[in-house]
Amino acid sequence: IKGLQGDDPDYIKAMACAKHFAVHSGPEPARHTFDATPPERDFYETYLPQFEAAVREGHVGAVMGAYNAVYGTPACANPLLLTTLLRQDWGFDGHVVSDCGAIYDIFANHKYVATSEEAAADAVKAGDDLCCGTDYNSLTRAVRAGLISESQIDVAVGRLLEARLRLGLFDP
């Protein structure tokens with residue numbers, strides 16, 4: 001992480017991304033539908049320490065969610081992972097990106113919600129700032145349907161703009 005991001009006080013060289021958060025395991029063919037339910041001790045002692053170290057010690061700039069669900073909630077819409085652990089407990093201040101197609105999986109494969117609007121809204125509200133795919137195109141409809149507010153989307157957009165600022169992309 002430090003090698004990628006560098007030690008310049010003003011800009012990072014490249015934004016490191018810790019992936020796939022978290023409990024990215026299970027049978028590979030079922031990764032778009034799999035629900036990982038490790039015992040609590042394994043969850044905290046086996047699956048999370050490397051991510052916590054990436055955040056607290058490495059100051060990683062980005063985290064990528066996984067395709068699978070964790071304890072019944074898809075990883076990219078999982079408040080336990082993205083809000084409670086990552087942001088509140090570990091103090092992560094970077095941005096979260098979904099794995100490619102993972103927001104689509106929330107409704108199409110996990111059947112966690114019924115529509116792309118619900119999936120996109122749940123993901124953003126949980127802390128997934130960027131969709132690798134096209135499912136965040138439905139956020140306008142999600143706002144109109146009252147599933148998410150513009151101010152909740154603004155939080156995600158702010159994190160993405162902060163990443164671009166850290167990379168120096170707005171400077172000449």
Side-chain angles (χ1 to χ4, degrees), residues 15 17-52 54-55 60-90 92-160 163:
M15 186 150 302
C17 183
K19 60 184 200 173
H20 296 93
F21 189 58
V23 198
H24 180 64
S25 62
E28 186 65 18
R31 67 184 177 164
H32 296 277
T33 58
F34 185 73
D35 182 19
T37 57
E40 185 176 0
R41 182 174 179 178
D42 283 346
F43 180 61
Y44 286 98
E45 294 180 10
T46 302
Y47 291 102
L48 297 181
Q50 65 277 17
F51 289 105
E52 184 176 7
V55 170
V60 71
V63 170
M64 178 181 280
Y67 290 121
N68 59 283
V70 179
Y71 301 123
T73 305
C76 290
N78 194 312
L80 170 64
L81 295 176
L82 304 181
T83 303
T84 303
L85 293 170
L86 192 60
R87 296 199 186 278
Q88 292 172 358
D89 293 353
W90 302 343
F92 179 66
D93 63 356
H95 72 277
V96 174
V97 59
S98 72
D99 205 339
C100 294
I103 306 304
Y104 176 83
D105 285 343
I106 294 169
F107 70 95
N109 295 317
H110 289 292
K111 311 287 188 215
Y112 184 73
V113 294
T115 67
S116 63
E117 292 84 4
E118 293 171 293
D122 282 0
V124 171
K125 289 189 291 188
D128 190 301
D129 305 304
L130 181 62
C131 173
C132 179
T134 60
D135 292 288
Y136 277 10
N137 292 343
S138 65
L139 283 170
T140 301
R141 293 187 305 276
V143 169
R144 281 191 224 121
L147 299 171
I148 191 169
S149 68
E150 287 183 33
S151 63
Q152 289 170 306
I153 296 169
D154 287 345
V155 171
V157 171
R159 290 182 188 130
L160 297 172

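These numbers come from the heavy atoms of this one structure, side chains and all, not from hydrogens, waters or symmetry mates.
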The reported gap from NE2 in His24 to OH in Tyr47 (rounded to nearest 0.5 angstrom) is 11.0 Å

Student check: side-chain heavy atoms of Arg159 and Val96 closer than 4.5 Å:
no

Just verifying a value: how many Å separate Leu85 CG and Phe92 CZ, rounded to the nearest 0.5 Å?
13.0 Å

In Å, rounded to the nearest 0.5 Å, how long is the span from CG of Leu48 to CD of Gln50?
7.0 Å

Does some side-chain heavy atom of Pro38 sit less than 4.5 Å from a side-chain heavy atom of Val23?
yes

Phe107/Asp135 under side-chain contact (heavy atoms from CB on, under 4.5 Å): CA gap, chis, key distance, verdict:
CA-CA 10 Å; Phe107 70 95; Asp135 292 288; 3.6 Å; yes

Heavy-atom pair with the smallest gap, counting every atom of Tyr112 and Thr73:
OH-CG2, 3.6 Å

Donor-acceptor check, side chain of Arg87 to backbone of Gly94, threshold 3.5 angstrom: yes or no?
yes

Nearest heavy-atom neighbours spanning Ala126 and Pro79:
CB-N, 3.9 Å

Where does the angle between the aromatic ring planes of Tyr71 and Phe43 fall among parallel (under 30°), tilted (30 to 60°) and perpendicular (over 60°)?
perpendicular

Side-chain contact test, heavy atoms from C-beta onward, threshold under 4.5 Å: evaluate it for Asp122 versus Ile106 and give yes or no.
no

Donor-acceptor contact present, side-chain Thr115 to main-chain Glu118, <3.5 Å:
yes

More than 12 foreign heavy atoms under 6.0 Å from OH of Tyr104: is that the case here?
no

Would you find a donor on one side and an acceptor on the other, under 3.5 Å apart, between the side chain of Asn109 and the backbone of Thr33?
no

Could you pull out the closest heavy-atom pair between Phe21 and Leu81, with the gap in Å?
CE2-O, 3.2 Å

Flag the pair Gln88 / Thr83 as yes when at least one side-chain heavy-atom distance between them is below 4.5 Å, and no otherwise.
yes

So among Arg31, His32, His20, Lys19, which one has a side chain to side chain donor-acceptor pair (under 3.5 Å) with Asp99?
His20

Shortest non-hydrogen contact between Val63 and Leu86, atoms and distance
CG2-CD1, 4.1 Å

Can you tell if the side chain of Leu80 reaches within under 4.5 Å of the side chain of Val70, non-hydrogen atoms only?
no

Contact summary for Ala102 and Cys76, nearest pair of heavy atoms
CB-SG, 3.8 Å

Sub-3.5 Å donor-acceptor pair from the side chain of Asp42 to the main-chain atoms of Pro39, do we have one?
no

Please report the closest heavy-atom contact between Cys100 and Tyr67, naming both atoms and the distance.
O-OH, 2.7 Å

Would you compute the distance between atom CD of Glu40 and atom CD of Glu45 and round it to the nearest 0.5 angstrom?
10.0 Å

Ile148 and Lys125, any side-chain heavy atoms less than 4.5 Å apart:
yes

Is the closest side-chain heavy-atom distance between Ser151 and Ser149 below 4.5 Å?
yes

Does a side-chain heavy-atom distance below 4.5 Å link Val97 with Cys17?
yes

